[in-house]
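One structure is given here, and the rest of the page talks about it.
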Amino acid sequence: MKVYKIAQIPGDGIGRDVTAAAWAVLTKAASAGGFRFEGREFPWSCKFYKETGAMMPDDGIETLRGFDAILLGAVGWPAEVPDSVSLHGLLLPIRKAFVQYANIRPHRLLPGVQGPLKAEGFDILCIRENTEGEYSGAGGRVHQGTADEVAIETSIFTRTGVERILRFAFERARARRGKLASVTKSNAQKHTMVFWDEVAQQLAAEYPDIEVTSYHIDAMAARMVMAPESLDVVVASNLFGDILTDLGAAIQGGLGFAASANINPDRTAPSMFEPVHGSAPDIAHLGIANPIAAIWSGAMMLEHLGEMQAAAAVTTAIERTTAGGIGTVPGKDKTDTITEAVLAALA
Ligand code: IPM
Ligand code: MN
């Protein structure tokens, strides 16, 4: 029997609840699919930071390297640990160290879910660059606390980084409806963003079957609201992709439905699967977090592992659940109720 080693990092707040839900569904999907998960849970979180002074141990990355995939809940508890510390101590280093350069985020309405838009028939796949760009962490502060204080944060765009994310997006577009929207702000940012546009144009020559259009981020934000059905694959830099995917989450009914996969396409290290939402301290421990985003992220993990049938089974179970009116409205159903419904729908 095939066994996959999965590192579970529930993290903070509702991350714990939704990871447990996803794990229950994944375990059941595995036994139906004739394979098995061997899970190991890591307590790395803000609580761990308060106890040890670090978000994960020094050898954390090397420990994770031995796993087939990582299932993550959410990181952050700003009342206790600044977000800039917790995120740069756990989530962001994993994405970078494991070259998870493609952050894939699907945005479509699940059956029975009422989005805020009139449009219902959209199916967008956002692909966000995940290792460099505006979130490279390059920069510094001088004259701190004085009137002469200076803060600089430099975006880093490498040809390797830009080319590989665009190529990945072209390939995804080819496997879908053949349309690619490349998002920059090259009318205002004349170095990095013009460079991105140029690389997109160069690659377009290799993909004559793909209809590629360049958009500015501001126009894309409007398009995702006004004409989301016109979009297929959307590719953007780290910051722009971050913002657009919260917009994507909003038009699909909320963060409770937004799944994501941090993929290392070359498979030289494990990939990581996590809901787009954060730790939501305000509703943590109320038991009302929607686990659908985490479960859907689990389905993306199954797909990445090559367990296509199990992935489809989980996606179908989610769709049956929401079609039955469960988990469709934020806060209406308990986490456990939604999880049990997905488990029951998992044929
Ligand atoms: C996300 C999150 C993170 C990101 C934060 C928490 C650093 O917002 O996954 O979208 O921006 O990457
Ligand atoms: Mn985000």
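For clarity, every value in this text was computed on a predicted model and none was experimentally measured. Each ligand, and each atom within it, is numbered from 1 in the order the structure gives. Atom set for the values below is all heavy atoms of this structure, side chains included, hydrogens, waters and symmetry mates excluded.
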Who are the residue neighbours of ligand 1 when the rule is a heavy atom under 4.0 Å from any of its atoms? L87, R95, R105, R128, Y135, D242
Under 6.0 Å between the ring centres of [X] and [Y]?
X	Y	value
F42	F67	yes
H191	F157	no
Y207	F170	yes

Should L92 and I104 be regarded as members of a common hydrophobic cluster, given that ILVMFWY residues are connected when their side-chain heavy atoms come within less than 4.5 Å of each other, either directly or indirectly? no
R128 vs D242, test: salt bridge (Lys or Arg N to Asp or Glu O under 4.0 Å). Steps then yes/no. CA-CA 7 Å; R128 162 186 176 189; D242 186 19; 3.5 Å; yes
Just wondering, is there an N, O or S atom on D242 that's nearer than 2.8 Å to the Mn ion (ligand 2)? yes
Passing candidate, salt bridge (Lys or Arg N to Asp or Glu O under 4.0 Å) with D209, options K179, R174, R177, R176: R174
